[in-house]
Student: 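Please find one structure pasted underneath; my questions will follow.
All values below were derived from every heavy atom in this structure, side-chain atoms included, with hydrogens, water molecules and symmetry-related copies excluded. All ligand and atom numbering here is 1-based and tracks the order in the structure.
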Amino acid sequence: MHIRNNWSPAEIKEIYDSPLLELMYRAATIHREYNDTVEVQVCTLLSIKTGGCPEDCAYCPQAARYNTGVDVQALMKKEEVLEYAAKAKEAGSTRFCMGAAWREVRDNKDFDRVLEMVKGVNEMGMEVCCTLGMLTEEQAKKLADAGLHAYNHNIDTSSEYYGEIIHTRTYDDRLQTLDHVRKAGVTVCCGGIIGLGETHEDRIKMLHTLATLPEHPESVPINALVPVAGTPLANNQKVDVWDMVRMIATARILMPKAMVRLSAGRNELSVAEQALCFLAGANSIFAGDKLLTTPNPTFDEDNAMFELLGLKPREAFKEKETTAQYV
Ligand code: SF4
């Protein structure tokens, strides 16, 4: 099968709606064709600037307008961040992601400090990723020059449902930043969240947007909402594991080479449920006991799970090798 980016919504719906075990089998087969299924990418995510965000994303405890008890913290010092990165590397992470609760990047001293952090982590031999909000093409180039490997910018949901969740920016703003990231030669990390109150149709449309980008994102995080008290979505229902499995399997079939990341909400899943997600094609996780501001399994729990399931952490910078193999 070739890598396709001309999927039609009807084709995606047919895959998404197929009987679950058939869907998993098909996804697992494609996963074996394109990836080493024993390998799982282990990423650590650190919030380098927390809370006080001017945006109104309805799921986010870091939005200044919601009363969620998150402590606002200014941008961390470079040395502190590098210390965290060194610990993450020692614990087995090969990708280090730095998240700042900004609407967009501004050309100021804080950005200069982030560039220094990127440089420092890159020099440690880890893949560096940032998620800093909207970016201009020039800013993306500066990050690339500092050694940035990936930029995370999620589309969250379908373009139709986006306006129900976020009112302070548009879907097109998101796509524009993704375009700036691509033009700068940085790899793209882009996925979404389920459990926001969207329909299955919205999930299919979100996957359609991702799978028909001119180039598939190299990483596709699939998040389950972690409802946080104080946010507008605090009372949303817990996402069913089978919905996660269905999303992951469909993403794997549509974007065979992408790292499909089992992201937020993993703390709610048993090892058996996570195993189903890996079988369905997930091959990346966030490690560390905190995911920005919400709980996540500890390194020790993950090590025990890897041992049980026979998984091993994927080495850094393997993308280039695998890309060459299948182009
Ligand atoms: S832009 Fe990011 S940090 Fe700000 S409210 Fe939205 S998700 Fe939260």
Student: Mark up the atoms of ligand 1 that fall under 4.0 Å of a heavy atom belonging to Y59, in ascending order.
Tutor: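 Those atoms are 7 (S).
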Student: V181 pairs by side-chain contact (heavy atoms from CB on, under 4.5 Å) with which of N152, L148, V188?
Tutor: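 One option only clears the test, and that one is V188.
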Student: Any donor and acceptor pair, going by atom type alone, linking the side chain of R246 with main-chain N or O of S18 inside 3.5 Å?
Tutor: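 Yes: the side chain of R246 pairs with the backbone of S18.
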Student: Testing the 3.5 Å rule here: is there a donor-acceptor pair between the side chains of Y162 and R169?
Tutor: yes
Student: Determine, considering heavy atoms only, which of A101, C60, G133 sits nearest to atom 7 (S) of ligand 1.
Tutor: C60
Student: Whether E11 and R4 form a salt bridge (side-chain N of Lys/Arg under 4.0 Å from carboxylate O of Asp/Glu) is what I want to check.
Tutor: yes
Student: Is it true that R169 lies under 4.0 Å from ligand 1, counting heavy atoms only?
Tutor: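 Checking ligand 1 against R169, which is what was asked, there is a heavy-atom contact under 4.0 Å.
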Student: Counting only N and O atoms by type, is there a donor-acceptor contact under 3.5 Å from the side chain of N154 to the main-chain atoms of G192?
Tutor: no
Student: May I ask you to identify the nearest protein heavy atom to atom 6 (Fe) of ligand 1, giving residue, atom name and distance to one decimal place in Å?
Tutor: C57 SG, 2.3 Å
Student: Any N/O/S atom of C53 sitting less than 2.8 Å from atom 8 (Fe) of ligand 1, backbone or side chain?
Tutor: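 So C53 does not bind atom 8 (Fe) of ligand 1 by this criterion.
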